[in-house]
Protein chains: 2
Amino acid sequence: MSRKIKRNGGDDIKMSDIARHAGVSPMTVSRALRAPATVSEKMRRKVDAAVREFGYLPNRIAGSLSSKRSNVVGLIVPSIRNSLYASMIQAISDVLRANGFHLMIANSGHQLDDEEALVSALLAQRVCGLVLHNTTHTKRVRDLVRKAGVPVIETGNLPAEPLDMAVSYSNFEAARAMTAHLGRLGYRKIGFVTLPLRDNDRSEERRRGYFAALKDLGLPADPSLVLEAPGGFSEGGDALVRLVQTHPGLDAGFFAGDVLAVGALFECQRRGWAVPGRVAIASFDDLDLLRHAVPTVTTLRIPRHEIGRRSAELLVNRLLGASPERIRIDVGFEIVQREST
Amino acid sequence: MSRKIKRNGGDDIKMSDIARHAGVSPMTVSRALRAPATVSEKMRRKVDAAVREFGYLPNRIAGSLSSKRSNVVGLIVPSIRNSLYASMIQAISDVLRANGFHLMIANSGHQLDDEEALVSALLAQRVCGLVLHNTTHTKRVRDLVRKAGVPVIETGNLPAEPLDMAVSYSNFEAARAMTAHLGRLGYRKIGFVTLPLRDNDRSEERRRGYFAALKDLGLPADPSLVLEAPGGFSEGGDALVRLVQTHPGLDAGFFAGDVLAVGALFECQRRGWAVPGRVAIASFDDLDLLRHAVPTVTTLRIPRHEIGRRSAELLVNRLLGASPERIRIDVGFEIVQREST
DNA sequence: TTATAGGATGGTAGCGATACCAAGAGAACG
DNA sequence: CGTTCTCTTGGTATCGCTACCATCCTATAA
């Protein structure tokens with residue numbers, strides 16, 4: 001059909017073609033498209049007509065190269081699959097889009113090395129900003145980001161010293177508050193099930209919070225009450241069963257991952273264990289599901305949507321000219337007491 | 001600090017700088033980076049050293065402009081928040097990344113007009129391929145896509161005439177199969193709860209499938225057995241209650257949306273209605289949740305992950321040179337019979 | 001009437017890479 | 001020893017757009 005590989009198909013109409021057909025200069029076309037107010041009514045109409053006639057789409061790649069400005073923001077999350085991230089992503093995407101920016105998403109699978117590779121790749125694409133759902137990075141990531149000079153949001157945890165801007169809640173405080181809440185409700189033997197701790201500052205912080213609260217409550221810190229489990233319904237159920245077997249007096253389980261908590265709840269239903277009669281269940285992160293389960297599940301409400309929204313807003317402000325300053329926003333959390341505790 | 005707005009920060013080291021410091025020509029740097037095999041060992045080492053010394057990141061924007069090739073694929077989903085899409089997105093992202101491509105994601109919120117705006121925007125960014133989770137488009141979208149000449153995957157449904165390539169299952173056949181399955185199990189008064197039908201070919205098809213199956217079963221087509229509900233746990237519960245109230249003989253509910261089904265299940269638990277004793281519940285889409293709920297829920301397993309994987313693979317093949325041909329892949333579905341029916 | 005400001009247009013020179021072709025350096029051959 | 005072939009390397013011309021500055025035109029003031 002064609003002698004060489006067709007790289008990009010398309011007839012590739014360009015700005016100068018439009019200019020010629022409209023009888024104006026390319027610059028006028030450029031202006032009519034980006035800043036219509038700076039062009040006379042007459043010119044604008046000519047340009048618009050030609051643009052419509054040819055179905056012209058300006059080449060943003062050329063535009064970005066020329067203006068040294070891009071309108072794409074990069075986002076790295078540990079996993080796209082997880083619905084927690086999904087609501088944050090949605091919020092980011094919405095705010096960006098409303099301001100004419102786009103989102104490039106990648107997932108690191110909780111690997112710091114992969115995060116590094118992705119940060120390089122995104123910076124090579126010359127993203128104009130970055131959102132990282134992670135607050136511990138390799139040295140190279142820190143260097144790259146500093147050197148690139150693009151605004152960066154870190155989230156997922158509250159770092160003591162953000163790279164640039166951080167929007168999050170404190171995993172430590174949240175876990176501590178929930179544990180304290182359970183103590184206040186009278187529970188005395190509180191198990192803690194955590195997601196994998198390796199390379200995950202969030203999980204670490206939560207566990208620290210749990211122990212801190214136990215100390216505040218004057219309860220013994222028993223490491224055997226802490227179980228590490230990969231996320232998943234079955235794993236949550238298994239963990240609870242194991243805790244109950246090894247600690248007959250267990251009266252509550254705090255699951256630092258909502259899916260784990262729901263899995264535990266289902267396992268209780270299956271075994272006919274009353275929740276909270278036999279054992280109370282508390283969760284982390286307010287999945288919609290938890291409000292509808294039977295019984296409804298006590299949890300921490302993390303304003304994921306707000307985190308996404310504010311992250312994107314900060315980024316956009318900076319991109320629109322706000323002066324660079326280290327910002328660290330604590331969006332807080334809320335304990336939602338429900339039937340399960 | 002600086003007299004003019006700093007657009008992109010960074011010292012902006014470029015290829016010619018690296019070339020100078022390595023004592024070679026820019027072309028050699030370019031080759032050493034993209035096709036190391038075409039460059040002598042000696043040159044490659046010089047280049048690598050300079051690249052590392054300066055922490056140089058090639059500018060992909062310039063590269064794309066020059067080569068007329070981009071490595072970014074665009075994806076438009078109705079909603080990022082929904083976990084159905086999440087597992088497909090993850091699969092797409094993984095395959096693309098393994099082949100050196102990136103993903104730009106946007107969500108249309110089920111609006112065809114928004115889809116149109118996003119397709120324009122993505123094509124203006126000169127994405128090298130497009131995945132649309134939708135099979136009905138505005139005329140302009142069809143024109144734009146044709147003109148751009150980039151490979152396109154449609155998914156979410158099986159269109160009779162794909163724009164280019166389609167990877168999906170048949171919503172019609174799936175809904176028909178599940179309804180038939182319920183009939184085979186002996187249910188005679190089967191309610192159908194659908195997601196909003198407006199501008200949504202998937203929902204339409206599912207409803208058609210339901211009616212087709214009723215006809216096959218020799219059961220009357222009673223429009224009052226069909227309820228439209230926005231997605232959500234409460235909405236699923238409400239819909240079931242309404243159906244039961246208006247049709248005392250209702251013995252099964254088929255929910256064309258997993259969240260609706262789970263909501264209905266919870267409502268039954270709350271009211272003490274035996275599932276499936278009082279009413280059976282069947283769902284669409286095999287959320288993990290359904291396998292763990294009590295009782296476990298009968299559903300249609302849609303290979304979302306496979307859809308994402310194969311979509312991305314087709315796209316990558318085409319981008320790597322496979323000849324353009326209309327492809328229409330039916331990945332099928334599977335009925336998973338569980339305790340709830 | 002001429003001077004002058006201010007807004008609208010156009011010309012030119014890149015942005016930072018790659019495609020394409022030409023040239024140089026060895027290797028292999030008669 | 002010259003010729004041809006292959007493998008590397010380098011130079012030049014874009015890619016499609018925007019920044020920047022020069023120019024031109026019209027409107028208002030003197």
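To find a chain, count down the sequence lines: A is the first, B the second, and so on, and within it residues start at 1.
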To the nearest Å, how far apart are [X] [atom1] and [N] [atom2]?
X       : N       : atom1 : atom2 : result
K14(B)  : dC15(C) : NZ    : C1'   : 8 Å
D17(B)  : dA17(C) : CG    : C1'   : 13 Å
R31(A)  : dA8(C)  : CZ    : P     : 10 Å
M15(B)  : dT14(D) : CE    : P     : 20 Å
L33(B)  : dG16(C) : CG    : P     : 16 Å
Q125(A) : dA17(C) : CD    : P     : 13 Å
M43(A)  : dG7(C)  : CE    : P     : 17 Å
K46(A)  : dT9(C)  : NZ    : C1'   : 11 Å

So does [X] get a side-chain nitrogen or oxygen closer than 4.0 Å to the phosphate oxygens (OP1/OP2) of [N]?
X      : N       : value
S30(A) : dT18(D) : yes
R34(B) : dT18(C) : yes
S40(B) : dT9(D)  : yes
T28(A) : dG10(C) : yes
K42(A) : dT9(C)  : no
R69(B) : dA19(C) : yes

* Using a cut-off of 4.0 Å on non-hydrogen atoms, how would the nucleic acid contact of P26(B) be classed: base, sugar-phosphate, or nothing? ->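 If one applies the 4.0 Å heavy-atom cut-off, P26(B) turns out to touch nothing in the nucleic acid.
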Selected nucleotide, minimal atom distance to [X] side chain, candidates [options]:
X      : options                   : result
Y56(B) : dG16(D), dA17(C), dA19(C) : dA17(C)
N59(B) : dG16(D), dT9(C), dA17(C)  : dA17(C)
L65(B) : dA17(C), dT18(D), dG16(D) : dG16(D)

* **N/O donor-acceptor pair, side chain R126(B) with base dG16(D), under 3.5 angstrom** =>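 There is none.
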* To do: Classify the side chain of S66(A) versus the base of dG14(C) as yes if they form a donor-acceptor pair under 3.5 Å and no if they do not.
  =>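 Looking at the base of dG14(C), it does pair with a donor or acceptor on the side chain of S66(A) (distance under 3.5 Å).
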* Asked: side-chain contact (heavy atoms from CB on, under 4.5 Å) with V119(A): which of V127(A), V152(A), L144(A)?
  ->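 The option that passes is L144(A).
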* To do: Examine the side chains of N71(B) and Q125(A) and answer whether a donor and an acceptor come within less than 3.5 Å of each other.
  =>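 A pair is found: one side chain offers a donor N or O, the other an acceptor, under 3.5 Å apart.
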* Asked: Is the closest side-chain donor-acceptor distance between N134(B) and S108(B) under 3.5 Å?
  ->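 On atom types as modelled, these side chains do not qualify, holding no pair under 3.5 Å.
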* List the atom of I61(B), the atom of S70(A), and the distance in Å for their closest heavy-atom pair. =>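 Heavy atoms only, the tightest pair is CD1-CB, 4.4 Å.
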* Result of checking E116(B), R142(B), E154(B) against H137(B) for side-chain hydrogen bond (donor to acceptor under 3.5 Å, both in side chains) ->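 Of the listed options, the one satisfying the test is E154(B).
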* To do: Check each of K139(B), K147(B), R140(B) against D143(B) using the side-chain hydrogen bond (donor to acceptor under 3.5 Å, both in side chains) test, and report the only one that passes.
  =>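 Option passing the side-chain hydrogen bond (donor to acceptor under 3.5 Å, both in side chains) with D143(B): K139(B).
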* Taking for each residue the nucleotide of DNA chain C bearing the nearest heavy atom, is the 5' side occupied by M27(B) or by I61(B)? ->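 Whichever sits nearer the 5' end wins; that is I61(B).
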